[in-house]
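A short write-up of the structure that comes next.
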Amino acid sequence: MENLFNPISEVAARNISPVTLAFVGDAVYTLYVRERLVTLHDYSTGTLQKMSSAEVSAHGQNALLERILPQLNEVEIGVFKRGRNAKKPTRSKNASVAEYNASTGFEAVLGYLFLTGNYDRIKVLLDGNNNEI
């Protein structure tokens, strides 16, 4: 089996569509939230799913984004803005346009950091700002 994590260069990552970065970032954040919930609680999978959905939603991501935005560096801000301003193929059913756009920017940052192998940076941003549920 090939190595699961194969970081790419920052140049290559900057050439990826911000919506594609957000696609990866959504998976990264979902796994982060699920892992944290499972290690903190001994709940049924149905309960864990409801708790996870609340955090991973555009509304939940937007709340977290407000706390981490001041911590983003210049490159991360650029990736965030590209994701926020990108034309999206879908619309959110349960969030405002502003929340949906901001959450796409947040996910793009996570996708960029993951693809470039900056796992420690993801941990710093998320662990220092999570809501202990």
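The shown structure was predicted, so the numbers you read here are calculated from the model rather than taken from an experiment.
- Across all their heavy atoms, Pro18 and Ala86 have their closest contact at CG-CB, 3.8 Å.
- Under the rule for a salt bridge (Lys or Arg N to Asp or Glu O under 4.0 Å), the partners of Glu76 that lie at least two apart in sequence or sit in another chain are Arg121.
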Taking only distance into account, with no hydrogens and no angle test, what donor-acceptor pairs under 3.5 Å do side-chain atoms of residues 107-117 form with protein atoms, sequence neighbours excluded?
| residue | atom | partner | partner atom | Å |
| --- | --- | --- | --- | --- |
| Glu107 | OE2 | Gln61 | NE2 | 3.0 |
| Tyr112 | OH | Glu10 | OE1 | 3.4 |
| Thr116 | OG1 | Tyr112 | O | 2.8 |
| Thr116 | OG1 | Leu113 | O | 3.2 |
| Thr116 | OG1 | Asn118 | ND2 | 2.8 |

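- Taking the side-chain hydrogen bond (donor to acceptor under 3.5 Å, both in side chains) definition, one finds that Arg34 meets it with Gln49, sequence neighbours left out.
- The closest side-chain heavy-atom distance from Asn101 to Asn85 is not below 4.5 Å.
- In the hydrophobic clustering of this structure, Phe106 does not group with Val19; members are Ile, Leu, Val, Met, Phe, Trp, Tyr whose side-chain heavy atoms approach within less than 4.5 Å, directly or through other members.
- In this structure the side chain of Arg67 reaches within 4.5 angstrom of the side chain of Leu64, judged on heavy atoms.
- Listed by chain and number, the residues in a side chain to side chain contact (heavy atoms under 4.5 Å, CB included) with Leu31 amount to none (sequence neighbours excluded).
- Atom OG of Ser103 sits about 11.5 Å away from atom NE2 of His59, to the nearest 0.5 Å.
- The environment of Asn15 atom CG is dense: over 12 non-hydrogen atoms of other residues, nucleotides or ligands sit within 6.0 angstrom.
- If you chain together hydrophobic residues whose side chains sit under 4.5 Å apart, Val28 and Val33 fall into the same group.
- Between Asn73 and Val75, the closest heavy-atom pair is OD1-N, 3.1 Å.
- Residue Asp120 qualifies as open at atom CG: its count of foreign heavy atoms under 6.0 Å is 12 or below.
- Of all heavy-atom pairs between Tyr43 and Leu48, the closest is O-CD1, 3.6 Å.
- Side-chain contact between Asp26 and Thr104 is absent, with no heavy atoms from C-beta onward closer than 4.5 Å.
- Linking Ile, Leu, Val, Met, Phe, Trp and Tyr whenever their side-chain heavy atoms come within less than 4.5 Å leaves Val56 and Tyr100 in two separate clusters.
- A heavy-atom distance below 4.5 Å is found between the side chains of Tyr29 and Glu55.
- Connection of Ile16 to Val11 is not established within any shared hydrophobic cluster, with ILVMFWY side chains joined at heavy-atom distances below 4.5 Å, either directly or through further cluster members.
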Verdict with reasoning, Leu69 to Phe80, per side-chain contact (heavy atoms from CB on, under 4.5 Å): CA-CA 9 Å; Leu69 201 54; Phe80 166 75; 4.1 Å; yes

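- For the atom pair CZ of Arg14 and CZ of Arg82, the computed distance is 9.0 Å after rounding to the nearest 0.5 Å.
- Between Phe23 and Ser17, every side-chain heavy-atom pair lies at or beyond the 4.5 Å cut-off.
- Within the 4.5 Å cutoff, the side chain of Leu37 has no heavy atoms near those of the Leu40 side chain.
- Here CD of Glu35 is found 13.0 Å from OG1 of Thr30. Values are rounded to the nearest 0.5 Å.
- One finds the CD1 atom of Ile77 at 6.5 Å from the NZ atom of Lys81 (value rounded to the nearest 0.5 Å).
- For the salt bridge (Lys or Arg N to Asp or Glu O under 4.0 Å) test, no residue two or more places apart in sequence or in another chain qualifies with Lys50.
- Residues passing the side chain to side chain contact (heavy atoms under 4.5 Å, CB included) test with Ala12, sequence neighbours excluded: Ile8, Ser9.
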